[in-house]
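Below, read A as the first sequence line, B as the second, and so on, with proteins coming before strands; counting in each chain starts at 1. Quick note: numbers below take in every heavy atom, side chains included, and nothing from hydrogens, waters or symmetry partners.
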2 protein chains.
Amino acid sequence: MPHPLISKLGRRDRLSDAEQQILETSAFSVHTFAAGEEIVAEGSTSDYSCLILEGWASRNKQLKDGRQQITAFHILGDFVDLHSFLLKPMDHTVVAITACKMAMVKHSVVKEITENHPHLTRMLWLSTLIDASIHREWLVTLGRLPAPAHLAHLICELYLRLEAVGEAKDYSFVFPVTQTLLADALGLSTVHVNRVVQELRREKLISWRGARVGIPNFDRLKLFAEFDPTYLNLLVEQR
Amino acid sequence: MPHPLISKLGRRDRLSDAEQQILETSAFSVHTFAAGEEIVAEGSTSDYSCLILEGWASRNKQLKDGRQQITAFHILGDFVDLHSFLLKPMDHTVVAITACKMAMVKHSVVKEITENHPHLTRMLWLSTLIDASIHREWLVTLGRLPAPAHLAHLICELYLRLEAVGEAKDYSFVFPVTQTLLADALGLSTVHVNRVVQELRREKLISWRGARVGIPNFDRLKLFAEFDPTYLNLLVEQR
DNA sequence: GCTGCGCAATAACCTGAGTTAATTCGCCAC
DNA sequence: GTGGCGAATTAACTCAGGTTATTGCGCAGC
C-alpha cells in the first residue's frame with residue numbers, strides 16, 4: 001500500500017522520488033489509540049505531529065460547561081495536528097473516533113524539510129491551508145444553512161474526501177459517528193440531529209442504517225446542500 | 001513607521017535584518033480601495049497577495065440567495081489572502097470595509113522566500129496557521145455560544161488584535177462595522193444583532209456610540225464571553 | 001431648508017431548534 | 001436467553017432567534 005500522505009499530497013501536485021523518500025521515512029513510530037481516546041491534549045506542547053494511517057479522528061474544543069464543538073473530522077492520510085509544528089500550545093484536543101493507527105512525525109523532521117526541501121514544504125503548508133479552507137466552509141454552513149442542509153453538506157464533503165483516499169465508492173461509506181458527536185460538529189442538540197437525519201431519510205436524500213451511509217442521488221443532495229466542492233482543492237496543480 | 005508585517009511577525013519570533021529587508025521590499029505596488037469595494041473576487045486566481053497597510057477588510061462567502069457569511073475580519077498588518085499563493089482558485093471574496101490601503105506582493109516573491117529563507121517561510125506559514133486557529137475559535141462561538149456571548153467574544157478578540165498592532169488602547173477602539181455586517185459575521189439577523197448590542201449596553205459590558213466601542217471592564221466581558229486569548233498566539237516564541 | 005438614503009431602533013408575530021424525560025432498539029457479555 | 005448499556009427515537013413544552021414592517025435619526029447633496 002502506498003504511503004497515504006504521499007497519495008494525498010500527490011493528488012495536488014507531483015512529488016519527486018526524493019520527496020517521496022523523505023515522507024516514507026519521516027515517521028519515528030506508529031501508535032494505536034482506542035476509540036474515544038485522546039490523541040493530543042488541548043494546551044499541550046508536543047514535539048511531533050500525527051498522521052492517520054487508519055481510523056477516524058476529530059478536533060474538539062471544549063467549553064467550560066462540558067459542551068464541545070467539533071471543528072474537523074479527519075480520515076486516512078490527514079495530518080491531524082501538523083499545525084502544532086509552529087502553533088503552540090494546541091488550541092484544541094484531538095480525539096480518536098474509532099480505533100486509530102497514527103504515524104508520529106517529529107517536528108525536527110518537519111523543520112529539516114523546511115530547511116532543505118522548499119517544494120515539499122509548500123505541499124505541507126498547502127495541506128494546512130486546505131484545513132483552513134474547510135474551516136471557512138464550515139463557518140458558512142454553521143452560520144447560514146438550516147440544519148438539514150448543513151447535515152447534507154457535511155455528508156457531501158465526507159463522501160468526496162473519503163472517495164479521494166479510496167475509502168468510499170458507489171455513493172456509500174462507513175460513517176462511524178454517533179448522533180451525539182454529529183450534534184457537536186453541527187452545533188445542534190442530539191434530539192434535533194435525530195429529527196434532521198430522519199427528514200433526510202424521508203426525503204430519500206440519504207440512507208443510513210448501522211454505520212453505513214448511502215447517497216441515492218448525489219446531485220440532488222448537492223443541490224439541497226448548496227454544495228460546491230471547490231473548497232476541498234482536490235485538483236492537481238503546480239505549487 | 002515600521003513595516004506592519006515586520007511588526008506583526010516580529011511579535012511572534014525574532015526576524016533577522018536580512019529577513020526584515022526582504023519583507024520591506026516585497027511589495028511591488030500599493031493600491032487603494034474604496035469602502036465596500038471588492039479587493040479579491042471569489043473564484044479568481046491571482047498571482048499576488050494583499051497586505052493591509054490601512055483600513056479594515058473582511059473575507060466573505062456568498063450563498064446563492066444573496067446572503068453571506070463573513071469568515072474573518074482583517075486589520076493593519078494582516079496578509080489577507082496569503083493562502084492564495086498555494087490555494088487556487090479563491091474560495092471567498094475579500095471586501096474593503098473601510099477605505100483600504102493595500103501592499104500587493106507577487107507570489108513569485110513569496111515563492112522565492114520559500115526557496116531561500118526557511119525561517120521566514122515558517123513565519124509566513126505561521127501567519128496562515130493563526131488565521132486557521134481563529135477560524136476554529138469562530139466555529140466554537142458560532143456553534144455553541146448564545147448570541148450575546150458570541151458578540152462579546154468577537155469584541156474581546158478584536159480589541160486584543162487591534163491593541164497588538166497599536167490601533168487600540170485603554171479598552172476602546174474604532175469599530176467601522178455596521179450591524180448588518182456584524183450579523184453576517186455572527187450568523188444572525190440584523191434585528192437580533194441590534195437586540196444583542198442593546199443587551200450588552202444595558203448590562204454595561206460594552207459602550208458603543210457612533211463607530212467607537214468601549215469596554216468598561218475587560219475581565220467581566222472576558223468572563224461573560226468565555227474568552228481565552230491563547231488561540232490568537234500573541235506570544236513570542238522560537239519557530 | 002428640503003430630500004433622499006443608509007443605518008439604528010422598535011414592534012408583533014412566527015418558527016427552528018433546545019430541553020427534559022421517557023421509551024425502544026441493537027448488541028454484547030455471561 | 002437474559003440483563004445491561006449505549007445509542008436512537010419519540011413526545012411535550014419552551015425559547016432563542018428569524019421575519020416583516022415601520023419609525024427615527026444623522027448627514028450629504030442641492
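Taking only side-chain atoms of Q198(B), from C-beta outward, the nucleotide of dC7(C), dT10(C), dT9(D) with the closest atom is dT10(C).
Note: CZ (R209(A)) to C1' (dA7(D)) measures 16 Å, nearest angstrom. To the nearest angstrom, P of dG18(C) lies 12 Å from NE2 of H150(A). What separates CD1 of I97(B) from C1' of dC7(C) is a distance of 16 Å, to the nearest Å. Per the geometry, CG belonging to L186(A) stands 15 Å off C1' belonging to dG16(C), to the nearest Å. dA8(C) atom P lies 13 Å from atom CG of L151(B), rounded to whole Å. Atoms CG (L142(B)) and P (dA17(C)) sit 13 Å apart, rounded to a whole Å. Remark: P of dT10(C) and CD of E199(B) are 14 Å apart, rounded to the nearest angstrom. Atom-to-atom, CD1 of I206(B) to P of dA8(C) comes out at 12 Å; the value is rounded to the nearest Å.
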Does the protein touch nucleotides 15-23 of chain D at the base, only the backbone, or not at all? Give it as B, S and - per nucleotide, heavy atoms under 4.0 Å. --BBBB---
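Annotation: cation-pi pair K222(A)/F227(A) absent, no NZ/CZ under 6.0 Å from the ring centroid and within 45° of its normal.
Looking at heavy atoms from C-beta onward, H153(A) lies out of side-chain contact with F224(A) at the 4.5 angstrom threshold.
Between the side chain of R201(A) and the main chain of V196(A), no donor-acceptor pair closer than 3.5 Å is present.
Contact between the side-chain N/O atoms of N194(B) and the OP1/OP2 oxygens of dA8(C) is not found at any separation under 4.0 Å.
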Is there a side-chain contact (heavy atoms from CB on, under 4.5 Å) between D78(B) and L51(B)? Walk through the geometry before answering. CA-CA 6 Å; D78(B) 285 350; L51(B) 173 71; 5.9 Å; no
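The aromatic rings of W208(B) and F175(B) are tilted relative to each other, their planes meeting at an angle between 30° and 60°.
A salt bridge links D184(A) to R144(B): one of the charged nitrogens lies within less than 4.0 Å of a carboxylate oxygen.
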